[in-house]
Amino acid sequence: MPRISPAMIRKVASYDPLLGLLLPVCRTAEAARQELHWIRNEGASVQRACALRARSVPLQYVLGSQPFGELEILCKRNVLIPRWETEEWASELAARWQTSRVTAPTVVDLCTGTGCVALLLKRALPRAQVTAIDCSPFAIALVTKNLHHNDIRDVTVLQRDILRDDRPAIAADLVVCNPPYIPRDAFVRDVTTSVKMYEPRLALVADKEFYTNLCDVWLRHTRSFVYEIGDISQAHFVADRISATTWSVGIRRDSNGKPRVVYGFKTDDVQLNKLYDGFGYLVR
Ligand SMILES: C[S@@+](CC[C@H](N)C(=O)[O-])C[C@H]1O[C@@H](n2cnc3c(N)ncnc32)[C@H](O)[C@@H]1O
């Protein structure tokens, strides 16, 4: 990452002082110009927005939203901002279920956060019965706002700690989850200051407990699952832990070539074999 000199800041600030504020956080003049353009387009208080950005507050918290597929997802502090990697697999998954014969699947979105994945699936599959679950009261409040904001109805929203809740799991055709998955040491070492300062640690840091919970709890109640991962070892952990005779397990990479999802379906289910064909590559 090139260092930003005071001379460079003075140079861009001579075109527009707000660019000088944005440059250190955006890192390049081009990115600073792009952000200033977005901030002006949103009609926000431009001075205030640029001052917040200069303090590394994420743009989505400053502007209050983030596009996710065709949805506009409201974003607030204490709830994780949806990422493009999640949007990518969720959109592909929605398109596959749309063309499948299962027109009204039961879907459970664990660790729903803003509700972005649950809402995207509900928009694509209006007859689906969708349940969105999170333990954070901030997330639960925001999912409800996002449902109204996107004019989507009939999504059940539940506040539950899925690692501790001993009520029966919900039977589903599909369980999706983007769990916290950054190990503590990697969080300290690799995560950007902006994320550390402003996004909730509850949404980010965990070891393998959510993948264990998938194998030990949710697998007994679903025909298929799609879980985001941050590392290929998490996919192998799941593949090694579940029955090779009952389940087919695959890994999907994102557009940057990084392993991004571990997914699985009942091997003897003809419909699901077709639905997940080519979603990723099977490892078992
Ligand atoms: C990585 S975020 C994912 C948010 C959203 N699904 C997305 O893709 O943007 C993980 C979410 O898991 C929630 N969470 C953490 N621990 C949980 C638990 N034990 N039970 C339920 N939800 C939990 C956090 O509150 C956070 O909203």
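Throughout, residue positions are numbered sequentially from 1 according to the sequence presented. Atoms within a ligand are numbered from 1 in the order they appear, just like the ligands themselves.
Within ligand 1, the atoms closer than 4.0 Å to a non-hydrogen atom of R160 are 20 (N), 21 (C), numbered from 1 in the order shown. Interface of D161 with ligand 1, defined as ligand atoms under 4.0 Å from a residue heavy atom, comprises 18 (C), 19 (N), 20 (N). Near S136, with a cut-off below 4.0 Å to any heavy atom, the atoms of ligand 1 are 25 (O). Near P82, meaning under 4.0 Å from one of its heavy atoms, ligand 1 places the atoms 9 (O). Contact atoms of ligand 1 toward C116: 7 (C), 8 (O), 9 (O) (distance under 4.0 Å to a heavy atom of the residue). For ligand 1, the atoms lying closer than 4.0 Å to a non-hydrogen atom of L80 are 1 (C), 2 (S).
A 4.5 Å side-chain heavy-atom check between Q234 and V262 finds every atom pair outside the cut-off. Residues K266 and W247 have side chains in contact (heavy-atom distance under 4.5 Å, counting atoms from C-beta outward).
Between C135 and ligand 1, at least one N/O pair is under 3.5 Å apart. Polar contact check, D134 against ligand 1: a nitrogen or oxygen pair lies under 3.5 Å apart. Looking at I162 next to ligand 1, an N or O pair under 3.5 Å apart turns up. Considering backbone and side-chain N/O atoms, N178 comes within less than 3.5 Å of an N/O atom of ligand 1.
In terms of protein heavy-atom proximity, atom 15 (C) of ligand 1 is nearest to L202 O, 3.4 Å. The protein heavy atom nearest to atom 6 (N) of ligand 1 is C111 O, 2.8 Å.
Ligand 1 is approached by F210 to a heavy-atom distance shorter than 4.0 Å. Under a 4.0 angstrom heavy-atom cut-off, T114 registers as lying outside contact with ligand 1.
Across all non-hydrogen atoms, the minimal contact from I73 to C116 is CD1-CA, 3.9 Å.
Between D216 and R241 a salt bridge is recorded (basic side-chain N to carboxylate O distance below 4.0 Å). Salt-bridge check for R252 with D254: failed, with every basic side-chain N at 4.0 Å or more from each acidic carboxylate O. Checked for salt-bridge contact, D16 and R40 meet the test: a charged N lies under 4.0 Å from a carboxylate O.
Note on V143 and L74: separate hydrophobic clusters, where clusters join Ile, Leu, Val, Met, Phe, Trp and Tyr whose side-chain heavy atoms are under 4.5 Å apart, directly or indirectly.
The proximity of T112 to ligand 1, defined as any non-hydrogen pair under 4.0 Å, is limited to the backbone. When heavy-atom distances to ligand 1 are checked against a 4.0 Å cut-off, T86 comes that close only through its side chain, counted from C-beta outward.
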Would you give me the side-chain donor-acceptor pairs under 3.5 Å for residues 176-186, sequence neighbours excluded?
| residue | atom | partner | partner atom | Å |
| --- | --- | --- | --- | --- |
| N178 | ND2 | T86 | OG1 | 3.4 |
| Y181 | OH | E228 | OE2 | 2.8 |
| Y181 | OH | R260 | NH1 | 3.2 |

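For the residues P180, C75, A203, G115, the heavy atom positioned nearest atom 2 (S) of ligand 1 is part of A203.
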Practice item. Determine, step by step, whether V107 and D173 satisfy the side chain to side chain contact (heavy atoms under 4.5 Å, CB included) criterion, reporting the C-alpha distance in whole Å, the side-chain angles of both residues, the deciding distance to 0.1 Å, and the verdict. Key: CA-CA 6 Å; V107 179; D173 296 299; over 6 Å; no

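Ring to ring, Y211 and F237 are not that close: their centroids are 6.0 angstrom or more apart.
Side chain to side chain, T245 and S243 meet the donor-acceptor criterion of an N or O pair below 3.5 Å.
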